[in-house]
Amino acid sequence: MSGHQADRAQRADRAQRAEFIEILETRGFLQDVTDRAGLLAAAEAGPLSLYVGYDCTADSLHVGSLISIMMLRWAQRCGHRPIVLMGGGTTKVGDPSGRDETRKLLSDAEIGANKASIKRCFAGYLAFGSGPTEAVMVDNADWLDTLAYIPFLREYGRHFSVNRMLSFDSVKLRLEREQPLSFIEFNYMILQAYDFVELARRHGCRVQMGGSDQWGNIVNGIELARRVDGRELFGITCPLLTTSSGAKMGKTASGAVWLNADRLSPWDFWQYWRNTEDADVGRFLKLYTELPLAEVARLAALQGAEINEAKKVLATEATALAHGRAAAEQAAATARRTFEQGQAAADLPSIAVPQAELAKGIPAFELFRRAGLATSNSEARRLIRDGGARVNDKPVPNEMQAVTLSDRAGDAIKLSAGKKRHVLVRAE
């Protein structure tokens with residue numbers, strides 16, 4: 001490569017790294033940056049290491065975490081190195097942010113099991129390895145579990161003002177509502193700040209990203225690193241998203257929208273995105289897919305029934321990232337056969353029921369509840385009374401109507417709640 005070609009390649013690399021901030025802004029990820037000009041200069045100078053932390057409070061992350069995972073993905077695509085920080089240590093304390101009550105304290109065994117399971121969430125989004133732009137996964141238990149309490153307080157605790165800590169929303173809101181905030185939770189922001197310092201020392205990490213509710217914690221880490229090490233670090237926050245109707249992302253009436261396939265099937269994941277509200281389609285295409293913005297604008301501009309085509313694209317692209325292209329295409333094909341061609345597709349979610357029970361007959365309301373199409377018997381009864389329940393595409397006239405082996409169409413009985421939720425019942 002000639003000197004001119006090498007110079008041109010270096011300029012292209014610098015532009016690609018700096019483009020990361022523009023992508024976050026134009027696609028709707030960016031809420032606040034601690035020092036935009038300084039961050040741009042750092043990005044142009046060389047690959048940045050950026051981190052997001054995830055506590056191990058459950059055995060899977062849900063859609064509410066997906067915006068930060070996509071930020072890490074875009075960082076890698078632009079030539080930076082993502083760091084996934086598993087909160088094996090901080091989970092033992094519990095983040096008070098956005099909480100009205102203290103989180104349940106988990107055992108070491110529960111945290112370990114959750115951590116192992118959560119790791120699978122990232123497989124479709126990031127390329128892990130030892131290269132300069134390949135993602136790494138670390139656990140803050142590696143340094144937090146071995147801290148000596150008095151030396152830690154003397155070296156780091158003296159840099160934190162209790163007056164200022166009381167002004168942070170995560171603390172202030174709990175106190176204003178007269179809801180208890182335990183001393184262990186009060187320590188969380190100090191430990192998170194220390195995480196940033198340790199990641200800077202161990203991995204050269206210069207950027208922490210997170211939701212807007214983490215702004216105070218991020219700034220704490222930046223200031224701590226400046227005071228104890230003289231380091232210049234940066235912070236980026238993204239908005240805490242809700243749907244147009246005000247619903248929290250990642251939550252539905254039937255529960256959380258998990259990222260792990262063993263907690264939520266690719267089919268149900270696809271359906272979550274397919275059921276996006278019309279007003280959210282364009283915004284979600286920007287955030288949760290990698291489609292070019294021109295294509296996003298075209299899809300978002302569709303009107304009337306045509307907007308459903310945009311929702312299918314959103315569902316397929318989002319599911320492809322989480323579960324792979326094959327699973328996404330299979331879910332799309334299942335939906336097409338079920339909804340557009342009126343067939344009971346074999347790869348719909350299914351439950352097994354003892355053949356002896358079906359031979360006797362099971363009340364419709366009970367079977368709908370067992371199939372997960374209602375969360376309780378009373379909800380199932382209401383569904384049937386309101387005309388939203390169907391067996392093999394035929395309305396259920398009575399909540400006590402028995403569903404039996406004679407209702408099988410082929411080898412299964414198709415239950416439907418509304419137009420979009422279906423489960424197959426198979427005899428075993």
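Values in this document were obtained by computation on a predicted structure and should not be read as measured data. Hydrogens, waters and symmetry mates play no part in the numbers below; they use all other heavy atoms, side chains included. Throughout, numbering of the chain's residues begins at 1 and tracks the sequence.
- For T242 against R283, the heavy-atom pair with the smallest separation is O-NH2, 2.9 Å.
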Step by step, work out the side-chain contact (heavy atoms from CB on, under 4.5 Å) result for M70 and L287.
-> CA-CA 7 Å; M70 290 298 295; L287 292 169; over 6 Å; no
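- Here the shortest heavy-atom pairing between Q192 and Y51 reads O-OH, 4.0 Å.
- Taking 4.5 Å as the limit, every side-chain heavy atom of C205 sits out of range of all side-chain heavy atoms of L50.
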Pair I236-F29, side-chain contact (heavy atoms from CB on, under 4.5 Å): steps then yes or no = CA-CA 9 Å; I236 299 173; F29 291 97; over 6 Å; no
Given the rule in the salt bridge (Lys or Arg N to Asp or Glu O under 4.0 Å) test, do K92 and D108 qualify, once you have shown the distances and angles that lead to the verdict?
-> CA-CA 8 Å; K92 298 172 184 177; D108 288 355; 3.8 Å; yes
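- Checked by atom type and distance alone, the side chain of E198 never pairs as donor or acceptor with a backbone atom of W143 at under 3.5 Å.
- Relative ring orientation between W273 and F269 is described as perpendicular, the plane-to-plane angle rising above 60° on a 0-90° scale split at 30° and 60°.
- Salt-bridge formation is detected for the pair E290/R77: a Lys NZ or Arg NE/NH1/NH2 atom is positioned less than 4.0 Å from an Asp or Glu carboxylate oxygen.
- Rounding to the nearest 0.5 Å places CZ of F152 at 12.0 Å from CZ of R158.
- Looking at T289 and R27, their side chains come closer than 4.5 Å, going by heavy atoms from C-beta outward.
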Apply side-chain contact (heavy atoms from CB on, under 4.5 Å) to T34 and W215, showing your working.
-> CA-CA 9 Å; T34 54; W215 177 256; 3.5 Å; yes
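- For the residue pair S49/R81, the side-chain donor-acceptor check at 3.5 Å is satisfied.
- Looking at L106 and T91, their side chains come closer than 4.5 Å, going by heavy atoms from C-beta outward.
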Report the C-alpha separation of R298 and E295 in whole Å, then their side-chain angles, then the decisive distance to 0.1 Å, and conclude whether the salt bridge (Lys or Arg N to Asp or Glu O under 4.0 Å) test is met.
-> CA-CA 5 Å; R298 183 190 72 79; E295 176 65 4; 2.8 Å; yes
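- Distance alone, capped at 3.5 Å, places no donor-acceptor pair between the S212 side chain and the P239 backbone.
- The shortest side-chain heavy-atom distance between V84 and V136 does not fall under the 4.5 Å cut-off.
- Residues L314 and T276 have side chains in contact (heavy-atom distance under 4.5 Å, counting atoms from C-beta outward).
- Counting heavy atoms from C-beta on, the side chains of Q76 and L126 come closer than 4.5 Å.
- Ion pair E357/R370 flagged as a salt bridge, since at least one NZ, NE, NH1 or NH2 atom sits closer than 4.0 Å to an Asp/Glu carboxylate oxygen.
- A distance-only check finds no donor-acceptor pair linking the side chain of E44 to the backbone of A41 [under 3.5 Å].
- When only modelled atom types and interatomic distance are considered, D55 and Y188 share a side-chain donor-acceptor pair under 3.5 Å.
- A cation-pi arrangement is present between R381 and F365 under the rule of less than 6.0 angstrom and at most 45 degrees off the ring axis.
- Between T316 and W270, the side chains place a donor N or O and an acceptor N or O closer than 3.5 Å (distance only, hydrogens not considered).
- The closest side-chain heavy-atom distance from V313 to L291 is below 4.5 Å.
- Once rounded to the nearest 0.5 Å, the distance linking OG1 of T90 with CG of L85 reads 6.5 Å.
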Yes or no on salt bridge (Lys or Arg N to Asp or Glu O under 4.0 Å) for E232 and R226, after CA distance, side-chain angles and deciding distance?
-> CA-CA 6 Å; E232 182 185 30; R226 179 180 57 81; over 6 Å; no
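- Under 4.0 Å is where a charged nitrogen must lie from a carboxylate oxygen, and between R120 and D262 at least one such pair does.
- Between the K286 side chain and the G28 main chain, no donor and acceptor come within less than 3.5 Å of each other.
- A salt bridge does not link D59 with K115: every distance from a Lys NZ or Arg NE/NH1/NH2 to an Asp or Glu carboxylate oxygen is 4.0 Å or more.
- Taken from CG in L199 to CG in L233, the straight-line distance is 10.0 Å, to the nearest 0.5 Å.
- When atom types are taken as modelled, the side chain of E134 and the backbone of S130 share a donor-acceptor pair closer than 3.5 angstrom.
- Nearest approach of F20 to M71, heavy atoms of both residues: CE1-O, 3.5 Å.
- Although no hydrogens or angles enter the test, the distance criterion places no donor-acceptor pair under 3.5 Å between the side chain of S68 and the main chain of G210.
- A side-chain donor from one of S244 and D280 sits under 3.5 Å from a side-chain acceptor of the other.
- Residues R421 and G372 approach most closely at NH2-O, 3.2 Å, considering heavy atoms.
- Just one residue in the list K312, R325, R274, K311 forms a salt bridge (Lys or Arg N to Asp or Glu O under 4.0 Å) with E317, and that residue is R325.
- For the pair N140 (side chain) and G88 (backbone), a donor-acceptor distance under 3.5 Å is present.
- Here CD1 of I118 is found 4.5 Å from SG of C56. Values are rounded to the nearest 0.5 Å.
- Here the shortest heavy-atom pairing between Y54 and S65 reads CE2-CB, 4.2 Å.
- Of the possible polar contacts, none joining the D229 side chain to the A225 backbone as a donor-acceptor pair under 3.5 Å is found.
- The distance from the CG atom of L259 to the CD1 atom of I69 is 5.5 Å, given to the nearest 0.5 Å.
- R206 places none of its side-chain heavy atoms less than 4.5 Å from the side chain of R231.
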List the steps, then state whether side-chain contact (heavy atoms from CB on, under 4.5 Å) holds for H323 with L264.
-> CA-CA 11 Å; H323 300 295; L264 188 76; over 6 Å; no
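- In terms of modelled atom types and a separation under 3.5 Å, the side chain of H159 and the main chain of R227 share no donor-acceptor contact.
- In this model, a donor atom of one side chain and an acceptor atom of the other lie less than 3.5 Å apart for Q214 and N217.
- S117 and N114 share no side-chain donor-acceptor pair at under 3.5 Å.
- Expressed to the nearest 0.5 Å, how far CZ of F122 lies from CG of L61 amounts to 5.0 Å.
- The shortest heavy-atom contact between L30 and R36 is CD2-NH1, 3.7 Å.
- A distance-only check finds a donor-acceptor pair linking the side chain of R73 to the backbone of Y125 [under 3.5 Å].
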